[in-house]
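Written below as structure tokens is the structure these notes are about.
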Amino acid sequence: RAAAKDVAEQLELTGWIRNTENGEVEAKVSGDEDRVREFITWCQKGPSRAAVSKVSVTEQAEEDFRGFRVIR
């Protein structure tokens, strides 16, 4: 999650990321459409030690977040 936060901030995206109760990672991201796509592409690989098996994307109405945070 920390690496995703760094990438989101570099791309000037806002939103949040968290672990779910079933062990998955969930994120809600807002910003420039091309940069959101770039973030999704990064998520499909993840950081160097990650084992990403699947990324699902659902488009929703844009929300106004303040910054990007990791929810614990």
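All residue numbers refer to positions in the sequence shown, counting from 1.
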| field | Check against side chain to side chain contact (heavy atoms under 4.5 Å, CB included), Lys45 and Val52 | value | CA-CA 6 Å; Lys45 297 175 186 170; Val52 178; over 6 Å; no
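Atom CD in Glu38 sits 4.5 Å away from atom CG in Leu11 (nearest 0.5 Å). Rounded to the nearest 0.5 Å, atoms CD1 (Ile17) and NZ (Lys5) are 11.0 Å apart. Rounded to the nearest 0.5 Å, atoms CD (Glu24) and OG (Ser53) are 8.0 Å apart. To the nearest 0.5 Å, the span separating OG1 on Thr14 from CD on Glu9 amounts to 10.5 Å. Taking CD from Glu26 and OG1 from Thr58, the interatomic distance works out to 9.5 Å, rounded to the nearest 0.5 Å.
Residues Glu12 and Asp32 fail the side-chain proximity criterion, which asks for heavy atoms closer than 4.5 Å. In this structure the side chain of Phe65 never reaches within 4.5 angstrom of the side chain of Leu13, judged on heavy atoms. Side-chain contact between Trp16 and Ile71 is present, with at least one heavy-atom pair separated by less than 4.5 Å.
In the displayed structure, Glu59 atom CD is contacted under 6.0 Å by at most 12 heavy atoms of other residues, nucleotides or ligands. Other residues, nucleotides and ligands contribute only 12 or fewer heavy atoms inside 6.0 Å of the CG atom of Asp64.
Summarising the geometry of Ala4 relative to Phe39, their closest heavy-atom pair is O-CE1, 3.4 Å, with the distance given to 0.1 Å.
When only modelled atom types and interatomic distance are considered, Glu63 and Ser30 share no side-chain donor-acceptor pair under 3.5 Å. Using modelled atom types, one finds a donor on one side chain and an acceptor on the other under 3.5 Å when comparing Lys28 with Gln60.
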